[in-house]
Amino acid sequence: MVFHHFFLQSALDGGQRPVKFKPASFCSLEKHQLNNSSNMADSLDQDNTGLGVHQAARLEKLKKIEALGLDPWGARFDDRTFVKPVREMAAQVKFRKEDGSEIELPDFDGAAEPIDYKAWKASQGAGEEIGPVVRVAGRIMLLRTAGKLYFLNIRDWTGDIQILLAKGQVSDADFDLAKLLDFGDLVGIDGRLGRTNTGELTVFATKLHFMTKTLEPPPEKHAGLQDAELRQRMRYVDLTYNVSSLQTFLNRTKIIHSIRATLAKHQFVEVEGPTLHTIAGGAAARPFTTHHNALDMKLFLRIALELHLKRLLVGGIERVYEMGRVYRNEGISPKHNPEFTMIELYWAYANYETMMDLTQQIIVEAIEATGQGYQLKWGDLDIDFTPPFQRRTYSDLFEEHTGLKVTDAEGIAQLARKLGLDTNGKHPDVIKSEVFEEKVEDSLIGPIFVTDYPASICPLTKRKAGNPDIAERFELFIHGMELANSYTELNDPILQEELFKTQLDGMAEEDSMAKMDTDFVRALRYGMPPAGGLGIGIDRLIMLLTNSRSIRDVVLFPLMRHES
RNA sequence: GAGAGCGUAGCUCAGUCGGUAGAGCAAAGGACUUUUAAUCCUUGGGUCGAGGGUUCAAGUCCCUCCGCUCUCACCA
């Protein structure tokens, strides 16, 4: 994925760590006690508050900030500019000569060799650097002193920038306040944009505004927070200190925004269906169960959006979608979180081919929204999203990968047994489907639309005209991962009722989509227009478009065990 | 659910054959007016995930448990 150039700090990793020799000391206690009484560690030891030394030191500074008459939790700070646009003002930093003429600075950012700015200025004769006055705010990521100077690098959600806070250039009160700054604190700065001697774009502070004290120490300042569990449990820390994490989640919102924009172009409307269902229909998955006390009613958290959206199609909302959370009480893996985000959409008077075009458009426009090209990396793998995506029929792929015709039930059963699959008492199409998953799906690099599935495993899908054994359905696969699922929707209430009643042999009820929903059938009896429907796993799409190998990297707060 | 790996300072990580627990960053005190992973001097930080066992001696070997990661299975 493409990172923005303005995260300068992130480009500084990978270097060698300096190794310093530190002789052990055997008489430290004595020396320590000789230190003056303002030694913070001494007073902290006596506090015996149970706080760690880092937390206690920060609390101490907080008290000192209060003692200065300042609010350590900050206040409204109007008219600030985000760091990214401030950095874009770099060209406004100029050198004004004695005669009043303004000249451009050397090209620091494009220079191959470091430029000696001090020497350059000296060579211009008398004059001074000028630059726009700016107001910024952010979190202190780096902090160093050089005599009576403080260099801070602050970060807001658009990038990082250096601040120079110098004695004599701010009030004495502000300079004293700077002593009480810690990594992680939030500050506001008024100052002038300029360049230091090394050419680093810097805000030369004229005023320091204390915004918020941070009472916990930040993670290691170069490596960031590495522990996968801590990154998920404390996403707030992860987002602050791992630039790529923030970038991924900001890209997530761009992708979701793009999907809504694409659908808006086709006049879709977004709705909100119930998440508490009396029947967990629309997909094959184990639901979470809950209970409504006043009605004394067992309820399920929804496992799909389908059946209520189709009811709205009956109601005349002709292009309708919902993007929202569904819940499945099943295993957790890098591709599975118990709650995840799906979009389902229904388009009256369309069919599954319309949906294929739309799916491709949604994905292509989402990639464009993230500012990437169509060739994406996904871990070690490559994905080529250049449209049009390949379209192949289920039966062709089946034959290609197994050498067997989809109609050869006996041969398929034999192959299934050879693969170690249990075929006893199973419907031939269930066996076929298992063989397909085993032999075909994992080899689908894609993006590839697999079309025309065996009808018997698709109880909500319209059958192909003239071929009742084939369902007008496609799934989109990328690197073996199912990303989208689409039908020409079944709108025949009589057939729908029949299919709800038909449990395929060898399929457990909880694994089946065939759950009788009499109200849904009644809705169909009032007339649902012929329609195409589509479902996309949003988290998985975001994984692919943000080069994330785990769903837990694209879900802000994935489900975790209780903290011990 | 099965298998493999991991768990050491606030964070990131070393720890050899079982023999006194290590580093960097962070923290505390100090120096430095253009640094930038600043640098330099000084100092303090550990129930080695928990419990048990073997041993003169366990971070290290064995057992049980807890947690995390990966792979496989179910699932999208």
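Naming convention: chains lettered A, B, ... in sequence-line order (proteins, then strands); numbering from 1 in each chain.
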Across all strands shown, which nucleotide pairs with [N] by Watson-Crick or G-U wobble geometry, both distances under 3.5 Å?
N     : value
B:C6  : B:G67
B:C17 : none
B:U33 : none
B:C11 : B:G24
B:C72 : B:G1
B:G45 : none
B:A58 : none

Please state the [atom1] separation for the pair [N] and [M] - nearest whole angstrom.
N     : M     : atom1 : value
B:A21 : B:G59 : P     : 8 Å
B:A38 : B:G24 : P     : 15 Å
B:G3  : B:A73 : P     : 16 Å
B:A4  : B:U20 : P     : 32 Å
B:C61 : B:G22 : C1'   : 22 Å
B:G51 : B:U12 : P     : 23 Å
B:A14 : B:U60 : C1'   : 14 Å
B:G49 : B:U69 : C1'   : 15 Å

Which part of the nucleic acid, if any, lies within reach of [X] when heavy atoms closer than 4.0 Å are counted: base, sugar-phosphate only, or nothing?
X      : answer
A:D116 : nothing
A:Q232 : sugar-phosphate
A:P334 : sugar-phosphate
A:R552 : sugar-phosphate
A:D227 : sugar-phosphate
A:K118 : nothing
A:Y117 : nothing
A:G224 : sugar-phosphate
A:L483 : nothing

Return yes if the base of [N] and the side-chain atoms of [X] contain a donor-acceptor N/O pair under 3.5 Å, otherwise no.
X      : N     : result
A:T145 : B:C32 : yes
A:H222 : B:A37 : yes
A:Q162 : B:U35 : yes

N-O pairing of A:K310 and A:E306 below 4.0 Å: yes
Spacing between [X] atom [atom1] and [N] atom [atom2], to the nearest angstrom:
X      : N     : atom1 : atom2 : answer
A:N242 : B:C11 : CG    : C1'   : 12 Å
A:L215 : B:A26 : CG    : C1'   : 16 Å
A:E306 : B:A76 : CD    : P     : 13 Å
A:E220 : B:U12 : CD    : C1'   : 5 Å
A:E482 : B:C74 : CD    : P     : 14 Å
A:E437 : B:C72 : CD    : P     : 15 Å
A:L544 : B:A76 : CG    : C1'   : 12 Å
A:R144 : B:C32 : CZ    : C1'   : 14 Å

All heavy atoms of A:R473 vs all of A:C458, minimum pair found to be NH1-SG, 3.2 Å
Kindly state whether the pair A:F340 / B:A76 counts as stacked, where counting means centroids closer than 5.5 Å and planes tilted less than 30° apart. yes
Just to confirm, is there a sub-4.0 Å distance from OP1 or OP2 of [N] to any side-chain nitrogen or oxygen of [X]?
X      : N     : result
A:Q55  : B:A27 : no
A:R58  : B:G10 : no
A:K221 : B:A38 : yes
A:K335 : B:U71 : no

Cut-off 3.5 Å, side chains only: do [X] and [Y] have a donor facing an acceptor?
X      : Y      : value
A:Y453 : A:E475 : yes
A:D238 : A:S245 : yes
A:D452 : A:Y352 : yes

Before we go on, tell me: are the rings of [X] and [Y] under 6.0 Å apart, centre to centre?
X      : Y      : value
A:Y394 : A:F436 : yes
A:Y117 : A:F108 : yes
A:F474 : A:Y487 : no

On RNA chain B, compare the nucleotides closest to A:L225 and A:E438; which residue's is nearer the 5' end? A:L225
Closest-nucleotide 5' rank along RNA chain B - winner of A:P218 and A:K121: A:P218
Given B:A76, B:U35, B:G10, the nucleotide with the shortest approach to the side chain of A:I551: B:A76
Please tell me which of the listed nucleotides, B:U34, B:C11, B:A38, lies nearest to the side chain of A:P219? B:C11
Residue pair A:D553, A:S548: steps toward the side chain to side chain donor-acceptor pair (under 3.5 Å) verdict: CA-CA 6 Å; A:D553 295 332; A:S548 303; 5.2 Å; no
